[in-house]
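To find a chain, count down the sequence lines: A is the first, B the second, and so on, and within it residues start at 1.
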2 protein chains.
Amino acid sequence: MENTVIEPEHSESACKGTLRPIRDALDILNGKWKLPIIVALTFGEKRFSEIAKEVDGITDRMLSKELQDLVTNGLVQRTVEETFPVKVTYSLTPHSKSLNEVIEALRKWGLLHKSYLVNRDR
Amino acid sequence: MENTVIEPEHSESACKGTLRPIRDALDILNGKWKLPIIVALTFGEKRFSEIAKEVDGITDRMLSKELQDLVTNGLVQRTVEETFPVKVTYSLTPHSKSLNEVIEALRKWGLLHKSYLVNRDR
DNA sequence: CAGCATCCTGCCTGATACTG
DNA sequence: CAGTATCAGGCAGGATGCTG
């Protein structure tokens, strides 16, 4: 039988159990750009250059790399239309829609924290 | 609660407006450790070494640095008891409680994503 | 337009040792 | 116990230029 590694009564274990999924999530969403890219795509499918325009300060190199990561992790879909010139569009996958809650929570907290700082430093 | 109306004609502006608070939040919560530290503290105030034990893999140096950041940003409170040896405890500030929603959303998404990967790779 | 190659820099991070 | 000092490595991320 498997060792049951989880003892619910120990708060330390409870803490670590809570931590694991959070670390998992942070590992996928790590870095400065992934969430901003996803947010840009929540407004609809976009082309490479359109995303670059929306996400302030990102370079082509970073955008390229981050998009690859996102595709690999099933968060973004890449579609190539064989026109000329080739038209490549990126869009969110159904699975990435599940990030809405995370994004909304972050957005709200960003606003809250800003107003907190204003009040504190006044 | 009022619907923050999104003007259809300026979808680019709407996107960037949404992006700013998210970038703000990510700037505060950046790095590998800040959220895990905060989560560890949601289970109650803790001493330096206790946090180090809960947050897997963190070094003293990192913990020290990150705690300073968190104190600076008003998310963590540092309390010194002048006993001998000195006892230092860290706890969340009321303001950092507002991160609960973010943390919960991340945790849920971490679990969701893991099950997504399992299904996909099977 | 889409996106990769190259180069470069700073920061994140780790390991070890040390103080009050 | 609660950190800080120092040294060092690696990788994220920025700037620029080039290809199909």
Side-chain angles (χ1 to χ4, degrees), chain A residues 12 19 22-41 44-73 75-92, chain B residues 12 19 22-41 44-73 75-92:
Chain A
E12 292 185 17
L19 238 30
I22 293 174
R23 293 290 294 272
D24 290 346
L26 291 178
D27 283 346
I28 305 293
L29 306 174
N30 63 5
K32 200 172 161 179
W33 302 113
K34 295 211 175 59
L35 256 346
I37 290 170
I38 289 174
V39 172
L41 289 175
E45 67 168 35
K46 290 197 165 56
R47 310 178 63 165
F48 189 91
S49 54
E50 290 173 324
I51 305 174
K53 202 167 18 171
E54 302 269 13
V55 181
D56 231 42
I58 196 169
T59 60
D60 286 354
R61 172 169 149 33
M62 276 298 117
L63 182 52
S64 173
K65 204 165 77 69
E66 299 292 68
L67 281 172
Q68 284 177 34
D69 278 8
L70 291 169
V71 170
T72 300
N73 284 311
L75 296 175
V76 164
Q77 177 168 20
R78 192 186 121 114
T79 310
V80 183
E81 293 176 35
E82 289 299 347
T83 55
F84 182 78
V86 174
K87 179 175 178 180
V88 182
T89 56
Y90 294 89
S91 56
L92 296 186
Chain B
E12 292 185 17
L19 238 30
I22 293 175
R23 293 290 296 272
D24 291 345
L26 291 178
D27 284 344
I28 305 293
L29 305 174
N30 64 5
K32 200 172 163 181
W33 303 112
K34 295 211 176 60
L35 256 347
I37 290 171
I38 289 174
V39 172
L41 289 174
E45 66 167 36
K46 287 197 167 58
R47 309 178 63 167
F48 189 91
S49 55
E50 291 174 324
I51 305 174
K53 201 167 20 172
E54 301 269 13
V55 181
D56 231 41
I58 196 168
T59 61
D60 287 354
R61 175 173 163 0
M62 274 300 116
L63 182 52
S64 173
K65 202 167 77 71
E66 299 293 67
L67 282 171
Q68 283 176 35
D69 277 9
L70 292 170
V71 169
T72 299
N73 284 312
L75 295 175
V76 164
Q77 176 169 19
R78 192 185 122 115
T79 309
V80 183
E81 293 177 36
E82 289 298 348
T83 56
F84 181 77
V86 174
K87 180 175 179 181
V88 182
T89 56
Y90 294 89
S91 56
L92 297 185

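The nearest whole Å value for the distance from the CD atom in E81(A) to the P atom in dA2(C) is 11 Å. Here the C1' atom of nucleotide dG3(D) and the CD1 atom of I51(B) are 12 Å apart, to the nearest Å. Straight-line distance from the NZ atom of K87(A) to the C1' atom of dA2(C): 13 Å, rounded to whole Å. Rounded to an integer number of Å, the gap from D27(B) CG to dC12(C) P is 11 Å. Per the geometry, NZ belonging to K53(B) stands 10 Å off P belonging to dA2(D), to the nearest Å. Atom CG in D56(B) sits roughly 11 Å away from atom P in dG14(C) (whole-Å rounding). In this structure, F84(A) places its CZ atom 13 Å from P of dC1(C), rounding to the nearest Å. Atom CD in Q68(A) sits roughly 13 Å away from atom C1' in dA5(C) (whole-Å rounding).
In terms of heavy atoms, R78(B) sits closest to V71(B) at CB-CG2, 4.4 Å. I22(B) and V39(A) make their closest contact through CD1-CG2, 3.6 Å (heavy atoms, listed as atom of the first residue, atom of the second, distance). The minimum heavy-atom distance between A40(A) and V55(A), with the atom names listed, is CB-CG2, 4.1 Å.
Residues K87(A) and F48(A) are not in side-chain contact: their nearest non-hydrogen atoms beyond the backbone lie 4.5 Å or more apart. Residues K32(A) and N30(B) have side chains not in contact (no heavy-atom distance under 4.5 Å, counting atoms from C-beta outward).
Within the model, atoms NZ of K53(B) and CD1 of I58(B) stand 15.0 Å from one another, a figure rounded to the nearest 0.5 Å.
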Discussion item. Strictly under 4.0 angstrom, non-hydrogen atoms only: write out the protein contact profile of nucleotides 7-20 of chain D, one letter per nucleotide from the 5' end, B, S or -.
Written reply: ------BBB-----
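Between Y90(B) and the phosphate of dG3(D), there is a side-chain N or O to OP1/OP2 separation shorter than 4.0 Å. Dashed line: the shortest gap from a side-chain N or O of R47(A) to OP1 or OP2 of dA2(C) is under 4.0 Å.
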